[in-house]
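Letters go in sequence order (proteins before strands), and every chain restarts at 1.
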2 protein chains.
Amino acid sequence: MKETPYKLFFRAVSNKTRCDIVSLLMKGPKSVTQLCRKLGFEQSRVSHNLKCLEMCGFVSGKYEGKSRVYSLTPEVMQVLNAIDRHLVKYHEHLKSCGALENHMKAKR
Amino acid sequence: MKETPYKLFFRAVSNKTRCDIVSLLMKGPKSVTQLCRKLGFEQSRVSHNLKCLEMCGFVSGKYEGKSRVYSLTPEVMQVLNAIDRHLVKYHEHLKSCGALENHMKAKR
DNA sequence: TTATCATATGATAAGTTTATCATTTAAATG
DNA sequence: CATTTAAATGATAAACTTATCATATGATAA
């Protein structure tokens with residue numbers, strides 16, 4: 001499958017772990033440990049997903065003492081804010097959508 | 001996994017088939033057959049994915065004669081345009097990102 | 001330099017998503 | 001209402017993604 005920028009962009013935040021990480025980082029930079037604590041996720045889970053977000057340009061990390069502190073890149077902040085503004089109106093539509101969980105599969 | 005509106009929104013367009021469908025529809029409404037022809041995808045593939053997009057409020061379809069014509073919802077058009085404007089600048093970053101294809105897996 | 005705490009990486013099993021094939025339903029028209 | 005063309009649905013195997021566990025690397029300070 002060929003990768004379009006669109007797809008890559010969307011996919012980066014199309015799962016709950018990364019979505020949650022991004023949401024938290026929108027409130028400010030955090031170390032891996034801080035993210036783990038706040039989200040209740042395992043460390044390697046967070047690190048793996050941070051790597052993915054980093055490679056997609058969503059976040060960047062720099063060492064501060066022993067810990068590595070991650071922040072959203074300015075570009076992505078702008079994008080997310082733009083989406084946010086529009087998602088406010090759109091919200092309702094999505095809430096009633098079970099599609100991605102239920103379609104294309106029967107009663108497995 | 002609990003579903004956030006964010007995740008649902010992003011996931012809807014996080015695969016190539018749906019991304020392509022949405023891109024095409026940005027240029028105007030199309031029937032299923034037209035989408036199949038232009039994209040070179042199988043009919044059931046397109047229909048399944050349209051259903052997903054429809055349930056997420058991305059598209060809506062109405063019968064015109066024997067065919068069913070799909071269009072993007074106005075709300076989503078706005079969102080996509082907003083993302084588009086920002087993605088222009090961001091583009092470069094994403095192009096160099098192999099993360100979602102390569103990380104978390106070895107040499108399988 | 002080694003001990004300690006923080007993060008990253010690798011392998012893998014479990015879970016999810018996808019495309020495909022086969023079949024069914026829908027609309028229109030003779 | 002039978003036929004034809006268009007689209008939707010269901011089941012399933014293959015592909016992909018994810019979380020987890022085990023381990024390795026990094027940074028600092030004693």
Undergrad: Using heavy-atom distances to pick each residue's nearest nucleotide on DNA chain D, tell me which of A/Tyr63 and A/Phe41 is more 5'.
TA: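 In this pair, the answer is A/Phe41.
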
Undergrad: Taking atom P of D/dA6 as reference, at what distance in whole Å does atom NZ of B/Lys62 sit?
TA: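 Going from NZ in B/Lys62 over to P in D/dA6 covers 18 Å.
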
Undergrad: Can you tell me if the side-chain N/O atoms of B/Asn49 get under 4.0 Å from OP1 or OP2 in C/dA19?
TA: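 Yes, because at least one side-chain N or O of B/Asn49 sits under 4.0 Å from OP1 or OP2 of C/dA19.
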
Undergrad: Check whether A/Arg18 reaches the backbone of A/Asn49 with its side chain - one donor and one acceptor, N or O, closer than 3.5 Å.
TA: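 Looks like no, no N/O pair under 3.5 Å.
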
Undergrad: Looking across every strand, which nucleic acid part, if any, lies under 4.0 Å from B/Ser67 by heavy atom: base, sugar-phosphate, or nothing?
TA: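 Sugar-phosphate only.
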
Undergrad: Which is more 5' along DNA chain D, the nucleotide nearest B/Val69 or the one nearest A/Glu64? Just name the residue.
TA: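 Comparing both residues, the 5'-ward one is B/Val69.
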
Undergrad: Is any side-chain N or O of A/Tyr70 closer than 4.0 Å to OP1 or OP2 of C/dA8?
TA: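 For A/Tyr70, the contact criterion (side-chain N or O under 4.0 Å from OP1 or OP2 of C/dA8) is met.
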
Undergrad: Within the distance-only criterion (no hydrogens, no angle test), does the side chain of B/Ser47 pair as donor or acceptor with the backbone N or O of B/Ser44 below 3.5 angstrom?
TA: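 Side chain of B/Ser47 to backbone of B/Ser44: no pair is present.
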
Undergrad: Between the base of D/dA6 and the side chain of B/Gln43, is there a donor-acceptor distance below 3.5 Å?
TA: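 Counting by modelled atom types and ignoring angles, no donor-acceptor contact under 3.5 Å is found here.
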
Undergrad: With a 4.0 Å limit, can you tell me whether B/Arg18 has a side-chain N or O closer than that to the phosphate oxygens OP1/OP2 of C/dT18?
TA: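 B/Arg18 to C/dT18 OP1/OP2: side-chain N or O found under 4.0 Å.
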
Undergrad: Specify the separation, in whole Å, of atom NZ of B/Lys7 and atom C1' of D/dT17.
TA: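 Going from B/Lys7 (NZ) to D/dT17 (C1'), I get 11 Å.
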
Undergrad: Of the options C/dT17, D/dA19, C/dC21, whose atoms approach the side-chain atoms of B/Arg11 most closely?
TA: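 Nearest nucleotide to the side chain: C/dT17.
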
Undergrad: Report the distance from atom CE of B/Met55 to atom P of C/dT17, rounded to the nearest whole Å.
TA: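 The distance from CE of B/Met55 to P of C/dT17 comes to 14 Å, rounded to the nearest Å.
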
Undergrad: Has A/Asn15 got a side-chain N or O lying under 4.0 Å from the OP1 or OP2 atom of C/dT16?
TA: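 Checking A/Asn15 against C/dT16: no side-chain N or O falls below 4.0 Å of OP1 or OP2.
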
Undergrad: Can you check the B/Glu42 CD to C/dA22 P distance for me, whole Å?
TA: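 Rounding to the nearest Å, CD of B/Glu42 and P of C/dA22 are 10 Å apart.
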
Undergrad: A/Ser47 near the nucleic acid: base, sugar-phosphate alone, or nothing, with a heavy-atom cut-off under 4.0 Å?
TA: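 The residue A/Ser47 makes base contact.
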
Undergrad: Rounded to whole angstrom units, what separation is found between the CD atom of A/Gln34 and the P atom of C/dA6?
TA: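 After rounding, the reported distance stands at 11 Å.
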
Undergrad: Quickly work out the B/Arg45 CZ to C/dA22 P distance and round it to whole Å.
TA: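 One finds 18 Å between P of C/dA22 and CZ of B/Arg45, rounded.
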
Undergrad: Could you work out which one of D/dA6, C/dA22, D/dA22 sits closest to the side chain of A/Ser44?
TA: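 The closest nucleotide is D/dA22.
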
Undergrad: Write down the distance between CG (B/Leu50) and C1' (C/dT18), rounded to a whole number of angstrom.
TA: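 Atom-to-atom, B/Leu50 to C/dT18, this comes out as 15 Å.
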
Undergrad: With the side chain of A/Thr17 defined as its heavy atoms from C-beta on, choose the nearest nucleotide among D/dA19, C/dT9, C/dC5.
TA: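 That would be D/dA19.
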
Undergrad: Now, which nucleotide makes the Watson-Crick or G-U wobble pair with D/dA30, with each of the two distances under 3.5 Å?
TA: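 Base partner found: C/dT1.
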
Undergrad: Of the non-hydrogen atoms in B/Thr73 and B/Ser60, which two are nearest, and what is the gap between them?
TA: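 In this case the closest contact between B/Thr73 and B/Ser60 is CG2-N, 4.3 Å.
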
Undergrad: Specify the separation, in whole Å, of atom NE2 of B/His48 and atom C1' of C/dT24.
TA: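 After rounding, the gap between these two atoms is 12 Å.
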
Undergrad: Quick one: is D/dG26 close enough that its OP1 or OP2 comes under 4.0 Å of any side-chain N or O from A/Arg68?
TA: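 For A/Arg68, the contact criterion (side-chain N or O under 4.0 Å from OP1 or OP2 of D/dG26) is not met.
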
Undergrad: Check every atom of D/dT9, D/dT5, C/dA8 against the side chain of A/Val32 and return the nucleotide holding the closest atom.
TA: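 Per side-chain heavy atoms of A/Val32, the pick is C/dA8.
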
